[in-house]
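Accompanying notes for the structure given below.
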Amino acid sequence: MSKSILIVVDTQNDFIDGVLGSEQAVDTVPNIVKKIEEFNNGIIITTQDTHETNYMETPEGKSLPVPHCIKGSEGWEINNDIMSAINKRISIEGISTINVQKPTFGSIELATVVNNLVRSTDEDINIEICGFVSSICVISNALLIKTMLYDLNRVNISVIKDCCAGLNDYNHEAALEVMKSCQINII
């Protein structure tokens, strides 16, 4: 028997059609919705890039001077179609969910939550990751999770390429290649 964890990274409005959005992200939303609708036997974990109003004064704000995902703003909210699909899975199938608000690209909290879930059982675990931005937050979190679970043969970590998007096609493809070289499956 195996269990699944679906990690939906930063599917927030600012990364889809907001200040850091892209046509690729807009086109990817239906793929993510379909993946959520088909998901069963496990837990869905969502992440939210979460910044405060002082974002421009932070190290990230100085390097990426585009205020985004300010907590409580419309851009910070998870896309309505994606949230509707998740809420439907919760109400119909009783799928469990966890939300992690993260202040930076990779989340130690997310990696710790996944590590604890995986190590609390002897079952095989299939972890699938999707979301935005593939060359920043998706890759950071995939590598953190891979690092935390380096010693477990019963864990399969995959990134769903058609359910991810980057700021552009070049960065998206480069991120997929880097993850593949780090022994993360690209499906």
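This structure is a prediction, so every number in the text was calculated from the model and none was measured. Reckoned from all heavy atoms, side chains included, excluding hydrogens, waters and symmetry mates.
To the nearest 0.5 Å, atoms OG1 (Thr147) and CG (Asn115) are separated by 11.0 Å. Atom NZ of Lys35 and atom CD1 of Ile82 lie 14.0 Å apart (nearest 0.5 Å). For the atom pair Ile160 CD1 and Ile129 CD1, the distance stands at 9.0 Å (nearest 0.5 Å).
Remark: the backbone N or O of Val118 is not paired with any side-chain donor or acceptor of Thr121 at under 3.5 angstrom.
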**OP:** Please step through side-chain contact (heavy atoms from CB on, under 4.5 Å) for the pair Ile136 and Phe15, ending with a clear verdict.
**Re:** CA-CA 11 Å; Ile136 303 172; Phe15 293 124; over 6 Å; no
**OP:** Please assess Gln101 against Lys71 for the test side-chain hydrogen bond (donor to acceptor under 3.5 Å, both in side chains), listing each intermediate value before the final yes or no.
**Re:** CA-CA 9 Å; Gln101 296 177 13; Lys71 189 171 185 170; 3.3 Å; yes
Subject >> Asn79 vs Gln12, side-chain contact (heavy atoms from CB on, under 4.5 Å): CA-CA, chis, key distance, verdict >> reply: CA-CA 5 Å; Asn79 171 272; Gln12 295 159 271; over 6 Å; no
Subject >> Chi angles and distances behind the side-chain contact (heavy atoms from CB on, under 4.5 Å) call for Thr97, Ile90 >> reply: CA-CA 8 Å; Thr97 63; Ile90 293 168; 3.5 Å; yes
Subject >> Residues Arg119, Asp151; criterion salt bridge (charged side-chain N to carboxylate O under 4.0 Å, His left out); working and verdict >> reply: CA-CA 11 Å; Arg119 292 183 190 278; Asp151 60 325; 2.6 Å; yes
Subject >> From CA spacing to verdict: side-chain contact (heavy atoms from CB on, under 4.5 Å), Thr112, Leu110 >> reply: CA-CA 5 Å; Thr112 301; Leu110 172 64; over 6 Å; no
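Side-chain N/O atoms of Asp124 and Asn156 include no donor and acceptor closer than 3.5 Å.
Taking each heavy atom of Leu143 and Ile184 in turn, the nearest pair found is CD2-CD1, 3.9 Å. Between Leu6 and Cys130, the shortest heavy-atom contact is CD1-SG, 4.3 Å. Taking both residues in full, the closest heavy atoms of Val133 and Gly166 are given as CG1-CA, 3.8 Å, listed atom of the first, atom of the second, then distance.
Using a 4.0 Å cut-off between a side-chain N of Lys or Arg and a carboxylate O of Asp or Glu, Glu173 and Lys161 do not qualify as a salt bridge.
Other residues, nucleotides and ligands contribute at most 12 non-hydrogen atoms within 6.0 Å of the CD atom of Gln183. Around atom CG of Asn153, no more than 12 heavy atoms belonging to other residues, nucleotides or ligands sit under 6.0 Å away.
Among residues at least two apart or in separate chains, salt bridge (charged side-chain N to carboxylate O under 4.0 Å, His left out) pairs with a member in residues 76-104 are Asp10-Lys102, Asp49-Lys102.
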